[in-house]
K.L.:
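Would you mind keeping the following structure in view while I ask a few things?
Note that the structure is predicted; figures quoted are calculated from it, not measured. Every number for a ligand or one of its atoms is a count from 1 in the order of the listing.
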Amino acid sequence: MSKLWGGRFSGDVDPLMAQLNQSIRFDARLWEADIRGSQAWTQALAAAGILSDEEGQAILVGLDQVYDEWANDDFHLQPADEDIHTAIERRLTELIGPVGGKLHTGRSRNDQVATDLRLYLLGASDSLKTHLSTLQRALLDQAEHYIDLIMPGYTHLQPAQPVRFSQWLLSFFWMLQRDCTRLEELRRRIDVLPLGAGALAGTPVPIDRQALAERLGFGQVSMNSMDAVSDRDFVAELLFWAALLGVHLSRLSEDMILFSNPSLGFISLSDAYTTGSSLMPQKKNPDAFELTRGKTGRLIGHLTGLLATLKGLPSTYNKDLQEDKEPLFDAIDTLEIILPVITGAILSLTPHPDRMTAALDDFMLATDLADWLVGEGIPFRQSHHIVGEVVRLAEEHACTLRDLDLSTLQSVHPAFKSEALAVWDFERSVEQRNTVGGVARAAVQQQIHSARALLGPGD
Ligand code: ARG
């Protein structure tokens with residue numbers, strides 16, 4: 001079988017060179033986008049008078065047949081099929097004869113592949129968005145369900161202040177919400193039709209590109225043919241988006257790994273999302289989260305890899321651009337699996353309120369004591385210092401803060417009164433923080449309400 005571009009060549013391609021050049025192994029997944037693009041292109045050629053009605057019809061019927069073969073897993077690749085575009089055109093011509101060769105009039109694989117990739121990504125981004133929303137909904141549902149639970153909040157991984165378990169869950173909702181809007185924004189830049197840009201200089205066929213865009217469901221038409229065939233910004237943006245989403249999921253994973261560690265034991269993970277050890281019978285490992293954390297390294301690598309591929313390219317299409325697909329597809333596949341796995345793990349976790357309570361210690365209420373002094377008119381900077389001394393006293397006595405009686409507190413500062421002892425209450429501490437975004441029940445409920453409104457009605 002000769003190459004579709006073989007006319008000017010007399011020698012054979014070295015088999016290893018052919019292997020290097022071949023992208024069908026990974027771009028076969030563009031088959032549907034490629035056929036849709038070709039169907040629309042056929043109609044555009046017919047409308048421009050380049051194909052007769054019969055020719056256009058023959059090509060469309062042939063493309064439907066090729067479509068069915070792919071859809072039914074009945075498309076047989078040939079060794080010479082270099083990429084998805086050549087494979088489909090080769091098969092079309094086998095099915096309908098030489099008229100199939102008219103399909104590529106006025107078109108190049110350069111504008112074709114860019115079109116395919118964008119069409120594919122529009123679909124893939126919709127699917128990723130659905131997975132993302134499902135995870136957000138899981139976080140919201142759990143936050144609502146466990147709103148009573150109070151646990152230690154950490155900064156520097158040191159016990160800091162008590163927080164609602166829900167607040168922790170919801171912190172990830174908002175990260176993912178930014179990912180969601182980021183995806184919507186970058187989707188607008190995917191939604192641009194390059195077809196009609198030809199190899200680099202546009203097409204001599206007087207096609208109506210606006211109508212072509214509408215037929216394919218694109219919102220815009222590319223404005224410069226040279227930019228259209230070289231632009232992979234949308235791939236880089238998608239990879240950045242994936243990497244940052246990965247970073248969010250990786251940070252969530254790190255917390256989950258810590259919280260499910262028996263030494264903290266705030267949550268246990270369902271068997272469905274953990275694995276055992278082949279050696280230590282007692283082990284239950286949080287692999288779902290370790291793998292998510294690990295795969296985030298790949299996602300970051302895909303972004304940096306593509307940027308490195310792009311940085312030195314001269315204008316327009318260069319074969320280096322074929323390297324855009326593997327990282328892109330791998331990033332999509334990775335997220336398509338980790339998002340639902342994390343959703344499942346979140347929905348099936350069991351919190352342990354007793355362990356959360358046991359990990360709360362009075363030192364996490366030191367700020368509340370300082371705030372109490374502020375209520376007595378003492379400037380915060382001074383009250384912070386006073387409570388620092390109280391903390392030191394407790395450490396010296398090897399006791400906890402509430403073990404210090406009023407007279408001991410008063411020995412540090414006379415402003416202490418018996419009402420100050422009311423601060424030794426974790427629920428009270430949390431309820432003090434009732435401004436928008438705070439950890440008080442009402443503030444968290446308000447947050448859940450706003451989050452639900454953003455998410456819209458469930459399925
Ligand atoms: N397989 C190629 C790619 O993925 C398609 C475009 C080939 N264009 C060319 N001029 N050889 O980029």
Side-chain angles (χ1 to χ4, degrees), residues 1-9 11-38 40-41 66 70 75 77-92 101 103-124 190 192-204 222 225-236 238-239 302 305-333:
M1 173 75 203
S2 65
K3 298 258 180 251
L4 293 184
W5 41 257
R8 59 105 61 223
F9 290 83
D12 282 340
V13 167
D14 180 284
L16 283 177
M17 170 56 204
Q19 199 182 320
L20 173 67
N21 189 37
Q22 228 171 26
S23 56
I24 189 75
R25 172 172 62 78
F26 48 83
D27 68 16
R29 71 163 77 193
L30 295 174
W31 69 267
E32 192 174 2
D34 195 78
I35 293 173
R36 277 176 57 207
S38 288
W41 186 246
V66 181
W70 276 103
F75 187 97
L77 286 172
Q78 300 299 321
D81 289 340
E82 184 180 315
D83 55 23
I84 186 62
H85 326 293
T86 50
I88 286 173
E89 193 181 324
R90 186 264 306 155
R91 182 64 184 140
L92 175 71
L103 168 62
H104 210 52
T105 312
R107 180 177 79 164
S108 155
R109 277 186 293 161
N110 300 352
D111 57 347
Q112 190 180 357
V113 71
T115 303
D116 290 7
L117 208 50
R118 286 172 182 271
L119 272 177
Y120 175 83
L121 261 187
L122 289 174
I190 304 175
V192 181
L193 175 81
L195 199 56
L200 79 164
T203 180
S222 63
S225 60
M226 292 174 80
D227 179 43
V229 295
S230 77
D231 177 18
R232 293 296 182 276
D233 291 1
F234 64 103
V235 181
L238 199 288
L239 289 178
H302 290 331
L306 180 74
L307 291 175
T309 297
L310 296 178
K311 73 171 271 299
L313 291 188
S315 279
T316 83
Y317 184 83
N318 299 270
K319 200 55 170 278
D320 317 45
L321 291 177
Q322 182 161 284
E323 289 294 304
D324 60 358
K325 289 171 204 61
E326 284 169 288
L328 178 67
F329 296 156
D330 185 71
I332 292 169
D333 292 348

K.L.:
For atom 1 (N) of ligand 1, what's the nearest protein heavy atom and its distance?
P.N.:
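Closest protein heavy atom to atom 1 (N) of ligand 1: Q322 OE1, 2.7 Å.
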
K.L.:
Examine distances only and state if a side-chain atom of S222 and a backbone atom of L193 form a donor-acceptor pair shorter than 3.5 Å.
P.N.:
yes

K.L.:
Could you check whether the rings of Y120 and F329 sit parallel, tilted or perpendicular, using 30° and 60° as the cut-offs?
P.N.:
perpendicular

K.L.:
Identify, with sequence neighbours excluded, every residue that meets side-chain hydrogen bond (donor to acceptor under 3.5 Å, both in side chains) alongside K319.
P.N.:
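For K319, the residues satisfying side-chain hydrogen bond (donor to acceptor under 3.5 Å, both in side chains) (neighbours in sequence not counted) are N21.
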
K.L.:
Verify, without hydrogens or angle tests, whether N318 (side chain) and D320 (backbone) share a donor-acceptor contact under 3.5 angstrom.
P.N.:
no

K.L.:
With distance as the sole test, does T316 use its side chain to make a donor-acceptor pair with the main-chain N or O of M226 at under 3.5 Å?
P.N.:
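Answer holds: no.
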
K.L.:
What atoms in ligand 1 come closer than 4.0 Å to a heavy atom of S23?
P.N.:
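Atoms satisfying the 4.0 Å criterion: 1 (N).
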
K.L.:
Counting both backbone and side chain atoms, is some N or O of D83 under 3.5 Å from an N or O of ligand 1?
P.N.:
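N/O-N/O distance under 3.5 Å: yes.
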
K.L.:
Is the shortest distance from a heavy atom of E82 to ligand 1 less than 4.0 Å?
P.N.:
no

K.L.:
Go through ligand 1 atom by atom and flag the ones less than 4.0 Å from a non-hydrogen atom of K325.
P.N.:
3 (C), 4 (O), 12 (O)

K.L.:
Ignoring hydrogens and geometry, is there a side-chain-to-backbone donor-acceptor pair from Q22 to P79 under 3.5 Å?
P.N.:
yes

K.L.:
Identify the closest protein heavy atom to atom 9 (C) of ligand 1: which residue and atom is it, and at what distance?
P.N.:
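Result: N110 OD1, 3.5 Å.
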
K.L.:
Heavy-atom contacts with H85 under 4.0 Å: which atoms of ligand 1 show up? List them by number with element.
P.N.:
5 (C)

K.L.:
Side chains of R109 and T86 only: does a donor on one sit below 3.5 Å from an acceptor on the other?
P.N.:
no

K.L.:
How far is atom 3 (C) of ligand 1 from the closest protein heavy atom, and which atom is that?
P.N.:
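Closest protein heavy atom to atom 3 (C) of ligand 1: Y317 OH, 3.2 Å.
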
K.L.:
Mark the output for Q112 as yes if a heavy-atom distance to ligand 1 is under 4.0 Å, and as no if none is.
P.N.:
no

K.L.:
Do ligand 1 and R232 have nitrogen or oxygen atoms that lie under 3.5 Å from each other?
P.N.:
no

